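Residue numbering restarts at 1 for every chain, and letters A, B, ... go by the order of the sequence lines. In this text the structure is predicted, and so the values were computed from the model without any measurement.
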Number of protein chains: 2
Amino acid sequence: MSDQISGARPTLEAVAERAGVSRATASRVVNGGTGVREALVEKVRKAVEELGYVPNQAARSLVTRRTGAVAVVVAEPESRVFADPFFAQQLLGISRELAVHDSQLVLLLVEGTADYDRVGRYLSGGHVDGALVFSLHAEDPLPGITRRIGLPTVFGGRPGWPAAEGDRSVLYVDSDNRGGAREAVRHLVSLGRERIATVTGPLDQTASVDRLDGYHDILMDADPRLVVEGDFSEAGGARAMAQLLDRAPDVDAVFVASDLMACGALRVLRERGRRVPEDVAIVGFDDMASVAELADPPLTTVRQEIEEMGRLMVRLLVRGLERRSEEDSGGRPLSSLVTPTRLVRRASA
Amino acid sequence: MSDQISGARPTLEAVAERAGVSRATASRVVNGGTGVREALVEKVRKAVEELGYVPNQAARSLVTRRTGAVAVVVAEPESRVFADPFFAQQLLGISRELAVHDSQLVLLLVEGTADYDRVGRYLSGGHVDGALVFSLHAEDPLPGITRRIGLPTVFGGRPGWPAAEGDRSVLYVDSDNRGGAREAVRHLVSLGRERIATVTGPLDQTASVDRLDGYHDILMDADPRLVVEGDFSEAGGARAMAQLLDRAPDVDAVFVASDLMACGALRVLRERGRRVPEDVAIVGFDDMASVAELADPPLTTVRQEIEEMGRLMVRLLVRGLERRSEEDSGGRPLSSLVTPTRLVRRASA
DNA sequence: ATACGGGCAGAGAGCGCTCTCAGAAACTGC
DNA sequence: GCAGTTTCTGAGAGCGCTCTCTGCCCGTAT
């Protein structure tokens, strides 16, 4: 019987009546139950149970101004959600951490200009308490939107748009791309390699730039022919590697800015008869399980805690929300997070 | 000025006042504007514009009982969202189609038992108008949950739990796995191959079973040694292929139930010195752009319209919602959809 | 001119919940 | 035993919106 009530869902009113208390008391119990006599708490709990009561979120958020939902905004999903197991894992982290905070994940994929409109309207509509934004490029209007409407926002990766530089109020979670790159290159140097090249990601993304900076930190005046721009795809890595071999046949090590690209590079090296790591040592970046370990040879790579980054984004956002609602704003202001990376040695270097 | 109102968002009341009309009229205009004189429509539009009014969804859905959101429930995301570009693409289709219908996508990833609880509560809470469910296995409680609470639901792929068989009220969108497999095998036969094997997906998934059935449709009494179970992963495909070569060294063609597995198979064949397609012809399944075309040799495969399937799920759900709200239920009942597949010939067979 | 019908606009009653505020009940101290 | 506290409970006012219902105004027919 009671598990088939498909029609009218019970209201708080009904629960209160059944428990013989007022709506206010029932509400108190449902929301934590502090300050209510134990006997009544029990009664209400029982009524909730029997009726199969579930609070109506719409009514609740109408008055609390909280929705219990967080938007995850992804620009250019085609190139991202997709090709990128990276993002999938981050999403997993986000989802898990949101579950901990009893919040829902509203996924907004943004493709065209019209979508920006739609998403902008949605975010302004008070449908969500905050937003986690993954936007790749500098000209993205998203950051401006969330800022204008005052929606708490955390970015995935250091945002690259000009005004953000040095603006401490812009919150993001990133991994230590530069440090990781440094460690990778240092490792290659320690191996005695002398012509160390790098295949970068698209240089309009901060992650790519930071990794390249890390490379230059160690190899301050590297031969510019040893730097080739890739696009984070397997094919792009292959293309870049081919180009590199043509430009600098004497290359003996490559720091490739992603595992996927490293795979492409590995393939080209194999095709051209270069042995890895004997002739050319390779270090990747990401440590994506499905790629790095299975590569031939298994990739030495820089590990980032991808899922952890997703979780941290949520925690940062939630902390911001708490502050805001407490009108507290005490303590020192929230600041962006940079998660450590670490070199994982396998066979390729 | 007006684009920085971070505090109080304007209400319909405010719009009405500014336009010099009643709240009711303002509401009419905002929701389509039929039955309102053009002059007033203009005035209200202007007021909306000037105030930057955005309707409060909570208030609206409190009275309409519609949320404008659809849940996408994914069981076992780790093995799915992840490894599976397949799912990503379907999600893209879903997102795009939902945008068309002005609905939001609430992503629910389900992992442990506790999650089922949480998700069940959420779905019962009236937070969403319907659900799109991807659940892999027979024992999944999800279908039961949505059914019990009477939430309109469409499944991704034919559900495999026992009670669903033959139940026309269970709606799903699937591709023609069996037909596609048949076509693949028929093609291999037409090539004159005589020892045609198959690497299946996990046989607790209907898609895998259906593809295997398609294989048997053509090869009614195939040697059981020619059937090996894989797991839809690259590594699994490699493993299965190796096993196959051991069991039946004379195999001259393989229908592999996914492109990813086909890649693994290709790799093993290469390692063992078998030429593709000369010695062993391979046909994959999925036609995933990032895999099939880039494989060496490029894969002949069965194409499914993955994104389209996502879109169809949404359309089916939306149609169900419309019917339900119109109390119409006229016309013939909605029925599940099976999208066609087609063989794409490349070099591997 | 009066009666009647149709198209439009406004008043107002909720939707289900939270939260303040005030009053009841139980406790303390003198 | 009574005033002064403290703890708990209930009444009731909204949150912002939709939607029905009533009434106005206009055009047309009588």
Side-chain angles (χ1 to χ4, degrees), chain A residues 5 7-45 47-48 51-69 121 124-127 129 325-327, chain B residues 5 7-45 47-48 51-69 121 124-127 129 325-327:
Chain A
I5 27 93
R9 293 202 295 116
T11 70
L12 230 210
E13 189 78 53
V15 171
E17 190 179 0
R18 185 175 192 108
V21 300
S22 73
R23 213 172 53 240
T25 299
S27 174
R28 283 189 194 101
V29 173
V30 170
N31 297 293
T34 60
V36 180
R37 237 182 325 150
E38 194 53 35
L40 291 193
V41 171
E42 257 330 297
K43 270 198 207 160
V44 173
R45 287 255 162 77
V48 165
L51 264 39
Y53 171 75
V54 183
N56 178 319
Q57 180 62 27
R60 178 179 278 178
S61 63
L62 180 56
V63 30
T64 58
R65 266 95 213 307
R66 284 292 221 100
T67 64
R121 219 162 350 131
S124 326
H127 297 155
D129 299 332
S325 69
E326 287 168 6
E327 282 303 358
Chain B
I5 27 95
R9 294 204 295 115
T11 72
L12 231 209
E13 189 77 53
V15 172
E17 191 180 356
R18 183 174 192 108
V21 300
S22 73
R23 210 170 58 241
T25 299
S27 174
R28 283 188 193 102
V29 174
V30 171
N31 296 292
T34 60
V36 179
R37 239 182 321 150
E38 194 52 37
L40 291 193
V41 171
E42 258 329 298
K43 270 198 210 161
V44 174
R45 288 253 163 78
V48 165
L51 294 169
Y53 171 75
V54 183
N56 178 318
Q57 179 64 26
R60 179 179 278 178
S61 64
L62 179 57
V63 30
T64 59
R65 265 94 216 304
R66 285 291 223 99
T67 64
R121 222 168 343 138
S124 325
H127 298 160
D129 298 332
S325 69
E326 287 168 8
E327 281 305 358

Under 4.0 Å from a heavy atom of chain B: give me the 5'-most and 3'-most nucleotides of DNA chain C that qualify.
C/dC8 to C/dG16
To the nearest 0.5 Å, atom CZ of B/Arg18 lies from atom CG of B/Leu51 at 5.0 Å
Testing the basics here: between B/Val30 and B/Tyr53, what is the closest heavy-atom pair and its distance to 0.1 Å?
CG2-CE2, 4.1 Å
How many whole angstroms separate atom CZ of A/Arg28 from atom P of D/dT7?
14 Å
Is there any salt bridge (charged side-chain N to carboxylate O under 4.0 Å, His left out) pair reaching into residues 31-42 of chain B, and which pairs are they, with sequence neighbours excluded?
none
Partners meeting side chain to side chain donor-acceptor pair (under 3.5 Å) with B/Ser27 (sequence neighbours left out)
B/Asn31
Excluding sequence neighbours, so at least two apart, what forms side-chain contact (heavy atoms from CB on, under 4.5 Å) with A/Asp129?
A/Arg66, A/Thr67, A/Leu321
List, with names and distances, any nitrogen or oxygen atoms from the protein found under 3.5 Å away from nitrogen or oxygen atoms belonging to nucleotides 24-27 of chain D.
none

Any residue in residues 54-62 of chain B with a heavy atom nearer than 4.0 angstrom to DNA chain C? Just list them by number, or reply none.
B/Leu62
Among residues 18-27 of chain B, which residues get a heavy atom nearer than 4.0 Å to DNA chain C?
B/Val21, B/Ser22, B/Arg23, B/Ala24, B/Thr25
Could you tell me how far apart A/Leu12 (CG) and D/dG12 (P) are, to the nearest whole angstrom?
18 Å
Value rounded to 0.5 Å, distance of NE2 in B/His127 from CG in A/Asn56
7.0 Å
Kindly calculate the angle separating the two end axes of the helix from C/dA1-D/dT30 to C/dC30-D/dG1, each obtained from five base pairs, and round it to 10 degrees.
50°
Please find the pair of heavy atoms, one from B/Arg121 and one from A/Val54, that lie closest to each other, and give the distance.
O-CG1, 3.9 Å
Going by salt bridge (charged side-chain N to carboxylate O under 4.0 Å, His left out), name the pairs with one or both residues in residues 20-35 of chain A, residues two or more places apart or in two chains.
A/Glu13-A/Arg23
Starting at CG of A/Leu62, measure out to OG of B/Ser61 and round the result to the nearest 0.5 Å.
9.0 Å
Please list, chain by chain and in numerical order, all residues satisfying side-chain contact (heavy atoms from CB on, under 4.5 Å) with A/Val21, sequence neighbours excluded.
A/Ala16, A/Ala19, A/Thr25, A/Ala26, A/Leu40, A/Val44
